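In what follows, every chain begins at residue 1, and chains take the letters A, B, ... in the order their sequences are listed. Note that the structure is predicted; figures quoted are calculated from it, not measured.
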Amino acid sequence: MDLGALFGNLNNFLDFTVGGLVFGAIYALIALGYTMVYGVLQLINFAHSEVFMYGTFAVAWTFILLHGTGDASWSLGRALPILLVALVAAMLMSAAIALLLERVAYRPLINKNAPKLIALISAIGASFALAEAMGLRDRFASWVHLDHKLANYVAPDKARDVYSNPVSIQPHGLFHLGGYEVTDVDVVVIVAALAMMFALDMFVRRTRFGRGIRAVAQDPESAALMGVNSTRVVQVTFLVGGLMAGAAATLYMMKIGSTRQNAGFILGVKAFTAAVMGGIGNLRGALLGGLLLGVMENWGSAVFGSEWKDVVAFVLLVLILLVRPSGLLGEALGKARA
Amino acid sequence: MIRSKKSLRGFAALVGVAALTLSACGSSNDNNKTSSGSSGSSKSSLCGKNIAFLGALTGDAGALGQNMVNGINLALKEYTGKHADCKIGLKTFDSQGSADKAPALATQIINDDSIFGLVGPGFSGESLATGKTFFQAGLPSISPSATNVTITQQGWTTWHRVIGNDDAQGSSDAKYLTTTVGAKKIYVIDDGQDYSKGLAGKVKSELGSAAIGSDQISKGQTDMSAVVTKVKAAGADAVFYGGYYTEAGLLAKQLRQGGFKGTFMSGDGAEDPNFVKVAGAQAANGALLSAPAGPAPSGFAASGLYATQAYDATNIFLAALDAGKTSAKDINSFIGSYTGTGASGPIAFDDKGDIKQSTIYVYKVANGQLDVNNPEAIK
């Protein structure tokens, strides 16, 4: 244990903290998808990690389509036009996958009033199917003899290997916070995450659809009697979760730059943890949980060594749940006041 | 090199369904009859029998196994050119680099009476999984590419390799960092896997007081910000990373983005063009990636990493044939006392089966490209 590494020097302390906040913002955006679906259906959508993963591929494909495969290092400003297109593509892709999930893996079960556990298993199955489908994309392309035409996208024989955005975005320092040089990429990641979180919060609290979501979350049967189309509400919930995952995927690709067919798994586990930590079913809790998890991971890495960072994060989760079993802000989506 | 077994396993299982069973055959070329017996040696009773190859021919690392088979076939072709009356064949066994698949193939190999020697196994995981089987059957083997240190510590006297092990690489890398690069404060990082810990641990112990800190990330980790902060806080002027290209690339990228200006070095697990893709051209430039294999000598007719080692391994078996050895025991002791110079460099084995003298090469990334043709030998 090395407390000095974290607290011995204010610069290092800020460095660890800001680094954690940036990644925590990405956790938070993914956590929204878990928390929304849980709030409405009391169901953990384990396939949400794949919704995110498809978004990261959409970003890389957009860059390959608009830029080509030549390796390049661009500043954020130069990459911005393509990034915005990639953001739209990723949000569309993730939303489409989320809607597909709802249609194929959930709605048939919900219509038959199946127990929640069955839906959970269906979610895990869908998660595997989606991840493996991405890992076999070269095979699908070869069935229709497009594998050579689409070689840059399907990566023949390398479909399961790491897949990089050809344009790596070179951050530029804006100002120093202690020893940490806060870059334009960091600022965009955090601001975008906060802005999206705020917009979603407004959507749920202020709009007609938001009221429908809250109504279904509180009492699906009464909501149906009052004329709320609960199928539509569930669809919108998945759609919104998918859009947020697509945005998270764009931010992730901006910061990290490469992905692979199983990239969603670890991030999904972390985002789910963040959602539970903040109080699953609570939007603001997802934000708090995400940022807290990101920061605690970095502090844990500093004090105990990086190999302990997951241990620190999960011990923290256990402690929080012992004291507050419903999470830090354990208020359900349905109880949120308008 | 140990390729990551875990990620390979899933892939191997999938490929297994669709993969073709590669049945390779020795280059049987009857044209050689016209160049009648140039050699005067009497015909060995092993003529018409086979050398086996065990390693990945399909799957993630399939290209490496194909390189080795090219090297073996070249050696066999040259041999047939000189000994028209004695044809040695090649039987290939595709393990896809998997330690799970290799044992069943090892059983096939030892039960095949036509096989008198093995070039392989390709990777360390499969070597550890099959070594005992081959040792008990007494089949002599020479691996062109398995580098894990512990393989030759098992007491398998039939097991040899014509490539430097991870310890040799680790000490050369440490020497290169301190003398050639001139680094004084080196931060050592690994990803916790067997290969990575072995290599990074050796570098760290060789560096002694020049290693100012160490940390361990995990496989699949993408956010390196905590490690980057530690490296910067320690004031390191070089980083050595033991691990594979994905995490190595991400680490190099985030170190540069975090303002680290020193040297980034890693081992053969990261020596892959994908390292540059993941890190991005700008962050990858200047990176040093070591490997226990150099480029082929000019005019060498088989290309690719490990082709020269496989060629040399095959030639040692053929030399045993020429020396009139026929029993497995005789061939094994012939290999143990063999000295010669192959395409990959001078070859002689110590009593554990490790190559006595091996050269480690440093490959450099410049102008956004991994220069695979002009590595620098570490002296």
Counting neighbours of CZ on A:F265 that are heavy atoms of other residues, nucleotides or ligands and sit closer than 6.0 Å, is the number greater than 12?
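No - once you tally the heavy atoms of other residues, nucleotides and ligands closer than 6.0 Å, there are 12 at most.
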Are there more than 12 heavy atoms of other residues, nucleotides or ligands under 6.0 Å from atom CH2 of A:W74?
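Atom CH2 in A:W74 is crowded, with more than 12 foreign heavy atoms closer than 6.0 Å.
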Are any side-chain N or O atoms of [X] and backbone N or O atoms of [Y], one a donor and one an acceptor, separated by less than 3.5 Å?
X	Y	result
B:K277	A:P166	no
B:D215	A:S306	yes
B:K232	A:D15	no

Measuring heavy-atom distances to chain B, does [X] have an atom under 4.5 Å in its side chain, in its backbone, in both, or in neither?
X	value
A:I256	both
A:Y252	side chain
A:S258	side chain
A:I26	neither

Within the 3.5 Å criterion, strictly below it, is a donor on A:Y163 or B:N274 matched to an acceptor on the partner's side chain?
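There is no such pair (donor and acceptor under 3.5 Å, judged by atom type) between the side chains of A:Y163 and B:N274.
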Are a donor atom and an acceptor atom from the side chains of A:D310 and B:S218 found within less than 3.5 Å of each other?
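On atom types as modelled, these side chains do not qualify, holding no pair under 3.5 Å.
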Could you state the interatomic distance from NZ (B:K253) to OG (A:S73), rounded to the nearest 0.5 Å?
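Here the rounded value is 8.0 Å.
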A:S301 OG to B:Q216 CD distance, which is reported to the nearest 0.5 Å:
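So the OG of A:S301 and the CD of B:Q216 are separated by 12.0 Å.
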Under 4.5 Å between any side-chain heavy atoms of [X] and [Y], yes or no?
X	Y	result
A:P171	B:Q257	yes
A:N298	B:S225	yes
B:Q254	A:K255	no

If I compare all heavy atoms of A:K309 with all of B:D223, which pair ends up nearest, and what's the gap?
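Scanning both residues completely, I find the closest heavy atoms to be NZ-O, 3.8 Å.
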Just do the side chain to side chain contact (heavy atoms under 4.5 Å, CB included) check on A:S168 and B:Q282 with the steps written out, would you?
CA-CA 8 Å; A:S168 105; B:Q282 197 168 328; 5.7 Å; no
Options B:I217, B:D191, B:T222, ranked by heavy-atom pairs under 4.5 Å with chain A, top entry
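It is B:T222.
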Between A:N12 and B:K230, is a side chain to side chain contact (heavy atoms under 4.5 Å, CB included) present by the stated rule, with each step listed?
CA-CA 8 Å; A:N12 290 351; B:K230 286 184 182 184; over 6 Å; no
Show the numbers, then the answer: is there a side-chain hydrogen bond (donor to acceptor under 3.5 Å, both in side chains) between A:D161 and B:Y245?
CA-CA 11 Å; A:D161 206 341; B:Y245 52 82; 2.7 Å; yes
